[in-house]
Undergrad: 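My questions all concern the structure below.
The shown structure was predicted, so the numbers you read here are calculated from the model rather than taken from an experiment. Each chain gets a letter, A, B and so on, in the order its sequence line appears, and its residues count up from 1.
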Protein chains: 4
Amino acid sequence: MEQEQRIGRQKAVSELKRGLIMDAARKVFEAEGLEGASLRAIATAAGYTPAALYFHFESKEAIYAEVLRESLADLAKAVARAITRAKTPADQLRAAAMAFFRYYADNPKDLDLGFYLFRGGMKPHGLGKERDEILNTALELAMHPIADAAQALGARHEEARLLMADIFAHAAGLLLLAHTGRIRMFGASAPRLMERFVDGATLDLTEKKKR
Amino acid sequence: MEQEQRIGRQKAVSELKRGLIMDAARKVFEAEGLEGASLRAIATAAGYTPAALYFHFESKEAIYAEVLRESLADLAKAVARAITRAKTPADQLRAAAMAFFRYYADNPKDLDLGFYLFRGGMKPHGLGKERDEILNTALELAMHPIADAAQALGARHEEARLLMADIFAHAAGLLLLAHTGRIRMFGASAPRLMERFVDGATLDLTEKKKR
Amino acid sequence: MEQEQRIGRQKAVSELKRGLIMDAARKVFEAEGLEGASLRAIATAAGYTPAALYFHFESKEAIYAEVLRESLADLAKAVARAITRAKTPADQLRAAAMAFFRYYADNPKDLDLGFYLFRGGMKPHGLGKERDEILNTALELAMHPIADAAQALGARHEEARLLMADIFAHAAGLLLLAHTGRIRMFGASAPRLMERFVDGATLDLTEKKKR
Amino acid sequence: MEQEQRIGRQKAVSELKRGLIMDAARKVFEAEGLEGASLRAIATAAGYTPAALYFHFESKEAIYAEVLRESLADLAKAVARAITRAKTPADQLRAAAMAFFRYYADNPKDLDLGFYLFRGGMKPHGLGKERDEILNTALELAMHPIADAAQALGARHEEARLLMADIFAHAAGLLLLAHTGRIRMFGASAPRLMERFVDGATLDLTEKKKR
DNA sequence: TATGAATGAGTATTCATTCAT
DNA sequence: TATGAATGAATACTCATTCAT
């Protein structure tokens, strides 16, 4: 009994510390960029010696992978939450797409995290194949509701997948522009452009349905 | 007189050498990725000592900047060339947009070059403000024909700029997906999606015009 | 009474665990070499945390020392056993010397253990003085029967000691050559050379005796 | 002309610096042992930053290899010199063997260098195969005069090689004992034992010749 | 214009050991 | 007796840059 309690407490403390390290890592990733973030910097930010981190994570890469995993999980949650508040399939489609966009518009550091995955000479790289797949799956999970809504609107499976790709691409591109300040070059507002794009896509689908 | 000639010759030689270094840099960037490319590697590939490069470029960053500048100039040329072959404004719009997309689809290493600029904690970074503006201008130059075509199709100035942003964003997003192989996740083809998007946008404009 | 029993049991358990750790250490020493063997590796092989080993041994060095001590004890046993099977003093001399040689020829990992002691900038080093003496004694014990046999053959004390040194040296040198494969450079066989040397030395002694 | 001079001077300076680094390395190898000697320590001893050493040597291993190579070359020279001073083949045999022994008896740090080569779990290791062979050759070169002298004394080729092995082994063993202070355990003197062994071996050969 | 040598800061990871629990 | 977490020192090697020549 007592022992169980102690073990439970230890585990909790351990996880708390892991969390603190991940917070520090997030901060450092944000401040120094992902390539620039050294294990030393993360450790220091977390109030640790570099060596100490190895009790909590296998490697620097593992820290990044976990931070990213959490980010993607949050994204998926945000998308799911948005959908529950929508009634019609059309609204669901719009809500899901905009939730995806807004998650990254509101959390630029998560955007960096995500883009990092999309680069590096620019193939997956770094994180082992295994990890890469885990992350792909997470992304798929977050994006899937968009395809579901599209199918509910009458789109065939393939059409729905293409729409997903289109929405992902448009969001990614706009976020890129917004995040680097270059959107101003065009006198545009990323959220408004995103909305316009999503509305257009939704409209196209609903019109097709009628016919 | 004689002196002028000598100076002229010296300048020519100097620029030739710069060019050789840039060729080497391009090769190394492609082979090792942008972060992985060391000055030493570039120097070696160019048949120089690292120290020697500093007579031709201010810094490693400056080499990258110049390679990027040339890439953007090539892009602009590709877009311009595409337009001259199109007759109607609608065709020009399509041609310009697709030329932009294709330039990067066909030259993935130039895509890396470009994306690299769009990252690094994602802020302008590294390259001084000055340089950043030069590069912005180059990008603007390459993209401008799209806006021109849109205006020829009857769009107002602001509308044209927004269209430009949309096309840039969609292209960038699709290129990201294609370049990382993730486009397969969606069972999609980037060029076809791009074409569809551009056709849709052009159609919207021409229909508005009629009304 | 009861207490004594309990203490006895505890001691026994403790020694058993020490033994398990030493088994693990031997395995790791053999697999990774002596310098390459980390405490962590030994601990893991023994099913322990590194920290746990400190309840059983003072330091990593202490583990090595004990493994070596046991090896030397085994050597002494092997030599003693060989002697009991020999009848004449001449045979005893030969048997002891060859047993010494063969012990190491057959157990190369024990040879490493022994040579390691003989190195490290080559001074006693590491293991405290105390330990060094314990080990010297063990070596002496293992080698002594050779001197005894020599004296039985008529050699004076000093002569016998010199013979011991000679035999030790010749064996060590040949083992070095054999263990590193360099004996092949000479087209020689270590055991045969050792036998020849020992036979020669024995003969010299017996001839002296006759005169 | 002038240029040639400058280049010559530069080369000379460069080699001098290499030499200083090697001196420092020798000192550190002696003081810390071979495994313990860090690049940092060598650099510091030489008055350099660690990074600076890489302009003079490819790697830490390369430094060790060169130090060892020089040591073996000196050994070969010492043996050769000793022979020229001897008249009869018997004297040459004795002189060569004792020169080999004395070189290491007088330069214990070179002994460490050599033994290191003979160990490491205890196979060649570390230094690439290539280097290992270079060093084997050097050793062979240093030892060869012993076999030559033996053949001049009438020994057949194989016999001469075995004698070489015997002498090498005895010397190595005695040096081991002497270098670790353990020779005292036997109340013996390494040089005297070596002389006795060599004299005995020489005598055996000359007697065989007579018969 | 070019080199060779040098620097100082930086990299991720490993190690034996200690200590509170 | 055993653990998990922590430390501080260490490792070889790389990098962009500078400077005397």
Undergrad: If you check the A51(B) side chain, which of dT3(E), dA16(F), dC15(F) turns out closest?
TA: dT3(E)
Undergrad: F55(D) has a side chain; which of dA5(E), dC13(F), dA16(F) sits nearest to it?
TA: dA5(E)
Undergrad: Return the nucleotide paired to dC15(F): Watson-Crick means purine N1 to pyrimidine N3 with N6-O4 or O6-N4, wobble means G-U with N1-O2 and O6-N3, both under 3.5 Å.
TA: dG8(E)
Undergrad: Counting heavy atoms from C-beta on, name the nucleotide in dT14(F), dA16(E), dT17(F) closest to the side chain of Y54(C).
TA: dA16(E)
Undergrad: Want to settle it: does G36(B) or K60(D) sit nearer the 5' end of DNA chain F, counting the closest nucleotide to each?
TA: K60(D)
Undergrad: Give the intermediate values and the outcome of side-chain contact (heavy atoms from CB on, under 4.5 Å) for residues R26(B) and D23(B).
TA: CA-CA 5 Å; R26(B) 268 184 285 263; D23(B) 289 345; 2.8 Å; yes
Undergrad: From CD of E35(D) over to P of dT11(F), roughly how many Å is that when rounded to an integer?
TA: 13 Å
Undergrad: Just to confirm, is there a sub-4.0 Å distance from OP1 or OP2 of dG4(F) to any side-chain nitrogen or oxygen of H56(A)?
TA: no
Undergrad: By the 4.0 Å heavy-atom rule, please label S38(B) as base, sugar-phosphate, or nothing.
TA: sugar-phosphate
Undergrad: Rounded to whole angstroms, how far apart are CZ on R40(D) and C1' on dG10(E)?
TA: 12 Å
Undergrad: Starting at atom CG of L39(A), determine the distance to atom P of dA12(E), rounded to an integer number of angstrom.
TA: 6 Å
Undergrad: In this structure, how many angstroms lie between the P atom of dT17(E) and the CZ atom of F57(C), rounded?
TA: 13 Å
Undergrad: Please report the interatomic distance NZ(K60(D)) to CD1(I42(D)), rounded to the nearest 0.5 Å.
TA: 6.5 Å
Undergrad: Mind checking A37(B) for me? I need base, sugar-phosphate or nothing, with any heavy atom below 4.0 Å counting as a touch.
TA: sugar-phosphate
Undergrad: Is the shortest side-chain N/O distance from T49(C) to OP1 or OP2 of dG4(F) below 4.0 Å?
TA: yes
Undergrad: For the pair made of CD1 in I21(B) and P in dA16(F), what is the distance, rounded to whole Å?
TA: 15 Å
Undergrad: With a cut-off of less than 4.0 Å, is there a side-chain N or O of S14(D) near OP1 or OP2 of dA5(E)?
TA: yes
Undergrad: To the nearest Å, how far apart are E32(D) CD and dA10(F) C1'?
TA: 13 Å
Undergrad: Side-chain contact, heavy-atom cut-off 4.5 Å: D112(B) with F29(B)?
TA: no
Undergrad: Do Y64(D) and L113(D) have side chains that approach each other closer than 4.5 Å (heavy atoms only, starting at C-beta)?
TA: yes
Undergrad: What integer distance in Å separates Q10(A):CD from dA2(F):P?
TA: 16 Å
Undergrad: Does this structure show an ion pair linking K27(C) with E30(C), if we count only N-O contacts that are shorter than 4.0 Å?
TA: no
Undergrad: Is R18(B) salt-bridged to E15(B), going by a charged N under 4.0 Å from an acidic O?
TA: no
Undergrad: CZ of R18(D) versus C1' of dA6(E): gap in Å, rounded?
TA: 17 Å
Undergrad: Whom does dT21(E) pair with, Watson-Crick or G-U wobble, provided both distances fall under 3.5 Å?
TA: dA2(F)
Undergrad: Starting at the 5' end of DNA chain E, which residue's closest nucleotide do you reach first, K17(B) or P50(A)?
TA: K17(B)
Undergrad: By nearest heavy atom, map G47(A) and E58(D) onto DNA chain F; which one lands nearer the 5' end?
TA: G47(A)
Undergrad: The side chain of Y48(C) is closest to which nucleotide in this list: dT3(F), dA5(E), dA12(F)?
TA: dT3(F)
Undergrad: Would you classify A41(C) as touching base, sugar-phosphate or nothing, given that sugar-phosphate means primed atoms plus P, OP1 and OP2, and contacts are heavy atoms under 4.0 Å?
TA: nothing
